[in-house]
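Keep in mind that the numbers below use all heavy atoms, side chains included, and drop hydrogens, waters and symmetry copies.
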Amino acid sequence: MSKPIILLVEDEPAIADTLVYALGTEGFEPVWCATGADALSACGKRAPALAVLDVGLPDINGFDLFKQLRAALPELPALFLTARAGEIDRVVGLELGADDYVAKPFSPRELVARVRTILRRAQKVAAAPATASAHGFAVDDERKQIRYRGKALDLSRTEYRLLKVLIDRPGRVYTRDELMDRAWDDPASAFDRTVDAHVKMLRAKLRALAPEADPIQTHRGMGYSLREGEQ
């Protein structure tokens with residue numbers, strides 16, 4: 001059985017060496033690239049199961065690199081590494097659809113554990129392939145796709161999970177903590193503003209398909225719900 005390929009894009013050799021060793025001893029096949037250009041070239045030859053991306057690369061911003069990788073591999077899970085633990089960086093990475101975010105310094109064992117968690121989530125296959133709903137949405141959990149009014153939504157992994165939670169129980173008000181528990185791999189790494197940012201992105205994507213509709217309802221001081229009977 002082939003080992004899962006982990007694309008590691010990190011320009012600091014000492015960190016890269018440690019992670020290559022940690023990933024290799026845990027059953028993965030790490031492919032190390034020191035620049036974004038090398039990473040894009042490597043992906044063109046062999047598709048990775050997951051990408052670990054440093055935000056501060058010498059030739060390209062890690063966020064921009066992620067966009068280019070996702071353009072070629074739309075389902076590619078990703079974990080960001082950064083020397084900056086600022087809230088803005090975290091929100092930007094998560095809004096782009098990253099699955100996790102680790103600030104330096106970090107434990108290689110912790111990072112490997114997070115890689116395993118992300119891959120487990122990515123490999124889950126639902127029993128029911130597609131579920132039509134009476135409120136304008138159709139969920140295909142096997143393909144991890146949601147259609148709204150007959151049109152497929154271009155969603156990140158977290159956006160998909162968040163919207164599916166709301167779709168499953170129209171009218172049910174979820175607190176931000178509940179949404180984090182249900183839609184994030186590591187709820188402890190998220191925060192209220194992260195949920196708000198993802199809901200904002202979802203609303204923009206829904207409006208792009210149906211400008212007159214606003215299926216996600218905000219409940220001030222409580223959380224969010226999907227409007228009942230939304231068509």
Side-chain angles (χ1 to χ4, degrees), residues 3-12 15-16 18-20 22-24 26-33 36 39 43 47-57 61-70 73-124 144 155-165 176-199 201-202:
K3 298 178 180 180
I5 298 173
I6 307 299
L7 176 66
L8 172 62
V9 191
E10 167 60 64
D11 64 325
E12 296 184 43
I15 294 176
T18 300
L19 292 180
V20 165
L23 290 165
E26 292 296 326
F28 298 103
E29 182 181 343
V31 175
W32 173 40
C33 299
C43 278
L50 181 144
V52 178
L53 307 174
D54 185 15
V55 171
L57 295 170
N61 181 284
F63 298 136
D64 292 332
L65 173 61
F66 178 57
K67 292 178 185 177
Q68 293 185 39
L69 291 172
R70 269 291 180 85
L73 301 168
E75 300 299 320
L76 178 66
L79 181 153
F80 278 119
L81 302 177
T82 182
R84 301 167 296 181
E87 181 178 301
I88 292 176
D89 283 342
R90 293 183 57 163
V91 170
V92 170
L94 294 170
E95 280 186 346
L96 289 175
D99 295 85
D100 208 343
Y101 200 103
V102 178
K104 301 174 184 178
F106 55 84
S107 161
R109 289 181 62 186
E110 178 191 357
L111 184 137
V112 171
R114 294 195 183 199
V115 166
R116 287 194 185 282
T117 297
I118 294 170
L119 288 178
R120 262 198 313 271
R121 181 67 67 93
Q123 291 165 358
K124 284 182 179 178
K144 298 294 183 277
L155 303 175
S156 70
R157 288 167 53 77
T158 302
E159 288 169 350
Y160 169 84
R161 294 194 293 262
L162 178 57
L163 183 55
K164 185 176 182 298
V165 170
R176 290 171 176 81
D177 286 342
E178 288 175 324
L179 291 171
M180 285 187 282
D181 286 340
R182 288 165 169 78
W184 269 258
D185 288 315
D186 182 11
S189 69
F191 39 89
D192 287 355
R193 285 187 58 187
T194 307
V195 176
D196 295 340
H198 278 77
V199 169
M201 293 291 289
L202 281 174

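- Checked for salt-bridge contact, K104 and D54 meet the test: a charged N lies under 4.0 Å from a carboxylate O.
- Closest of all the heavy-atom pairs between I5 and A47 is CD1-O, 4.1 Å.
- Summarising the geometry, atom CE belonging to M201 is positioned 7.5 Å from atom OG belonging to S156; distances are rounded to the nearest 0.5 Å.
- The minimum heavy-atom distance between L57 and G62, with the atom names listed, is CD1-CA, 4.5 Å.
- Counting heavy atoms from C-beta outward, F28 and K3 have side chains that stay 4.5 Å or more apart.
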Would I15 and F106 count as a side chain to side chain contact (heavy atoms under 4.5 Å, CB included) if you check the C-alpha gap in whole Å, the side-chain angles of each, and the deciding distance to 0.1 Å? CA-CA 10 Å; I15 294 176; F106 55 84; 4.2 Å; yes
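- With rounding to the nearest 0.5 Å, the separation of CG in L202 from CG in L163 is 5.5 Å.
- Within the 3.5 Å criterion, the main-chain N or O of R161 finds no donor-acceptor partner in the side chain of R182.
- Salt-bridge annotation for R116 and E26: present, with a side-chain N of the basic residue lying under 4.0 Å from a carboxylate O of the acidic one.
- In this structure, E159 and L162 have side chains that are not in contact, with every pair of non-hydrogen atoms separated by 4.5 Å or more.
- Put simply, the side chain of C33 reaches to within 4.5 Å of the side chain of L7, judged on heavy atoms.
- Side-chain contact check for V55 versus F63: some heavy-atom pair is nearer than 4.5 Å.
- Although no hydrogens or angles enter the test, the distance criterion places a donor-acceptor pair under 3.5 Å between the side chain of D99 and the main chain of A78.
- You'll find the side chain of T158 reaches within 4.5 Å of the side chain of W184, heavy atoms only.
- Between F66 and L76, the shortest heavy-atom contact is CE1-O, 4.2 Å.
- Rounding to the nearest 0.5 angstrom, the gap separating the CG atom in L79 from the CG atom in L8 is 10.5 Å.
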Candidate pair W32 and I6, rule side chain to side chain contact (heavy atoms under 4.5 Å, CB included), full reasoning: CA-CA 8 Å; W32 173 40; I6 307 299; over 6 Å; no
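- The structure places CG of L53 at 11.5 Å from OH of Y101, a figure rounded to the nearest 0.5 Å.
- Taking CG of L81 as the reference point, atom CD of E12 lies at 10.0 Å (rounded to 0.5 Å).
- Taking each heavy atom of R157 and I118 in turn, the nearest pair found is NH2-O, 3.8 Å.
- Taken from CZ in R193 to CZ in R176, the straight-line distance is 11.5 Å, to the nearest 0.5 Å.
- Minimum interatomic distance between P77 and A49 (heavy atoms only, all atoms of both residues): CD-O, 3.2 Å.
- The nearest pair of heavy atoms linking C43 to L69 is SG-CD2, 3.5 Å.
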